Amino acid sequence: MNPFPGARAGDERPTAKHPLVDSAGDGSIRIESRAAVVRLGRAQLDVLRTAASAGARPILVTDGLSVLTEAFRQALVEVGGAWVVRGDDGMRNGLDGRRLDEFTDAVRLGPPTSVDEVAVGYLRPQQPTADQLVVSASVRHRAAAETVLGTTTELLATELAGAAPTGWGTHEPAGRPWDRHALTAAARERMPDPTRFTAVGSAAAPVALTVTAQRTEHGVEELTTGLLSVGAPGDTLSGMRVAAVPQVLGRLAATQLPLFALVLRRPGRADLAQAPCLVPPPVPVAMLLGAPAVRQLGLDPDDMRDRFGAVVAGKPRIPALVLPFGRQRDRNPVEELAAVIGHIGDDRVAEAVGMDDRTREQVQRAAEQ
């Protein structure tokens with residue numbers, strides 16, 4: 001029996017009203033919260049799924065003191081939702097700072113195009129307490145009994161945050177002890193539907209990652225996205241962990257079959273929560289083009305080495321390429337990433353690696369800074 005069965009049709013979708021919904025209309029629902037930290041709890045996950053099934057866009061409404069966990073932020077954005085912050089200076093989009101006149105402006109209007117459209121509260125400086133790594137990595141597995149998910153999460157957390165994850169679950173708090181085999185069994189039970197899990201770390205090694213597993217025509221694809229805290233800004237340990245990113249991506253290519261990975265660095269909060277204020281854009285640290293992408297794109301490893309400093313990783317017969325950024329003082333990491341994407345073509349890269357919309361947006365934003 002195939003432990004990762006194929007797709008099925010005819011799934012029913014919930015349409016009932018949800019107790020967390022405070023109001024609805026104009027194609028959206030409004031969820032009010034006074035929590036200091038808004039988490040992806042069971043009820044919050046359910047209301048986001050209910051909204052998505054009904055074709056409504058959820059709008060979370062908080063004051064300026066609330067923060068979002070990375071798991072909730074990801075889930076909210078992926079269903080087309082928005083975060084509205086009510087402050088002394090009026091309403092604003094908590095994720096991009098745009099001033100809003102009405103709640104529904106948050107889902108109708110795009111990001112601000114000038115500083116005049118940004119609320120003052122969003123521009124208030126925040127003191128970063130950690131260097132964060134923004135990670136996105138996709139890996140292809142065989143649909144076989146010996147396949148184990150969560151290996152990418154464990155590698156990234158252990159090597160870059162300093163310890164393996166401590167817990168996992170389908171919602172927060174992720175209270176199940178970290179166990180890759182248990183996570184894999186849970187994913188098998190839910191196949192062929194895509195399954196999302198949250199992985200967290202300890203206070204000493206903060207991790208906020210989402211693991212998504214889905215069945216494809218090529219096997220099982222595992223996407224790992226989220227944040228890692230590598231230490232205090234400017235700290236020696238933080239610098240060492242950031243410098244180790246290309247080697248860690250090389251180990252990923254040597255032990256699995258990755259399609260693509262991108263790691264960026266930014267200052268932020270040690271608890272990895274999202275505050276409704278401006279943070280500097282992330283800076284590219286390294287990118288991995290897996291063996292399937294290298295083959296499909298027809299890339300010459302020697303040419304990529306000479307042009308961009310690429311390092312061959314993985315198996316010699318089917319090489320992957322790791323591209324480190326920011327190692328030369330006279331070159332800007334953003335410009336380096338833009339040069340690579342411009343040489344290959346962002347559409348070609350996205351197609352070759354099966355890049356999800358969120359990762360593609362990250363790549364484009366990083367290359368356009």
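These numbers come from a predicted model, not from an experiment. All heavy atoms count here, side chains included; hydrogens, waters and symmetry mates do not.
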Heavy-atom count around [X] [atom1] within 6.0 Å, excluding the residue itself: above 12?
| X | atom1 | result |
| --- | --- | --- |
| Arg39 | CZ | no |
| Asp306 | CG | yes |
| Arg42 | CZ | no |
| Asp26 | CG | no |

Asp46/Arg49 salt bridge by N-O under 4.0 Å criterion: no

Pairing of Arg98 and Asp96 as salt bridge, 4.0 angstrom limit: no

Please check if the side chain of [X] supplies one atom and the backbone of [Y] the other of a donor-acceptor pair under 3.5 Å.
| X | Y | answer |
| --- | --- | --- |
| Trp83 | Val61 | no |
| Arg92 | Gly87 | no |
| Asp89 | Val120 | yes |
| Arg99 | Asp116 | yes |
| Ser33 | Thr62 | no |
| Arg348 | Leu297 | yes |
| Thr158 | Glu154 | yes |
| Arg190 | Ala186 | yes |
| Gln214 | Pro194 | no |
| Thr210 | Ala71 | no |

Which atoms form the tightest heavy-atom contact between [X] and [Y], and what is the distance?
| X | Y | answer |
| --- | --- | --- |
| Ala310 | Leu321 | CB-CD2, 4.4 Å |
| Pro280 | Pro267 | CG-CG, 3.7 Å |
| Ala232 | Asp131 | O-OD2, 4.1 Å |
| Leu149 | Thr184 | N-OG1, 2.8 Å |
| Pro246 | Val322 | O-CG1, 3.7 Å |
| Ala205 | Gly162 | CB-C, 4.4 Å |

Atom [atom1] in [X], atom [atom2] in [Y]: separation rounded to 0.5 Å?
| X | Y | atom1 | atom2 | value |
| --- | --- | --- | --- | --- |
| Arg295 | Leu289 | CZ | CG | 13.0 Å |
| Thr170 | Leu40 | OG1 | CG | 8.5 Å |
| Thr69 | Gln44 | OG1 | CD | 9.5 Å |
| Phe308 | Leu323 | CZ | CG | 8.0 Å |
| Leu228 | Arg241 | CG | CZ | 10.0 Å |
| Leu156 | Leu160 | CG | CG | 6.0 Å |

Side-chain touch [X]/[Y], heavy atoms, less than 4.5 angstrom:
| X | Y | value |
| --- | --- | --- |
| Leu60 | Phe72 | yes |
| Met304 | His343 | yes |
| Phe197 | Thr153 | no |
| Leu252 | Val139 | yes |
| Val263 | Val248 | no |
| Arg86 | Glu32 | yes |
| Pro58 | Leu76 | yes |
| Arg176 | Trp178 | no |

Would a single hydrophobic cluster contain both [Y] and [X], if residues Ile, Leu, Val, Met, Phe, Trp and Tyr are joined by side-chain heavy-atom contacts under 4.5 Å?
| X | Y | value |
| --- | --- | --- |
| Phe325 | Phe260 | yes |
| Leu227 | Val200 | no |
| Tyr122 | Met91 | no |
| Val107 | Leu109 | no |
| Val311 | Ile344 | no |

Among all residues two or more places apart in sequence or in another chain, which pass the salt bridge (charged side-chain N to carboxylate O under 4.0 Å, His left out) test with Asp302? Arg305

Start with the C-alpha gap between Arg265 and Ser238, add the side-chain angles, then the distance that decides, and say whether side-chain contact (heavy atoms from CB on, under 4.5 Å) holds. CA-CA 11 Å; Arg265 179 186 191 181; Ser238 173; 3.9 Å; yes

So Asn93 and Val84, side-chain contact (heavy atoms from CB on, under 4.5 Å) or not? Walk me through it. CA-CA 5 Å; Asn93 187 312; Val84 171; over 6 Å; no

Side-chain donor-acceptor pair under 3.5 Å between Thr225 and Gln74, yes or no? yes

Between Thr152 and Glu222, is there a side-chain donor-acceptor contact under 3.5 Å, judged purely by atom types and distance?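 Side chains of Glu222 and Thr152: no pair found under 3.5 Å.
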
Determine whether Ile29 and Val47 satisfy the following criterion, side-chain contact (heavy atoms from CB on, under 4.5 Å), listing intermediate values before the conclusion. CA-CA 10 Å; Ile29 61 171; Val47 73; 4.1 Å; yes

From the list Glu70, Arg266, Arg269, side-chain hydrogen bond (donor to acceptor under 3.5 Å, both in side chains) partner of Gln132 resolves to Arg266

Please lay out, stage by stage, how Thr195 and Glu189 fare under the test side-chain contact (heavy atoms from CB on, under 4.5 Å). CA-CA 10 Å; Thr195 304; Glu189 291 176 359; over 6 Å; no

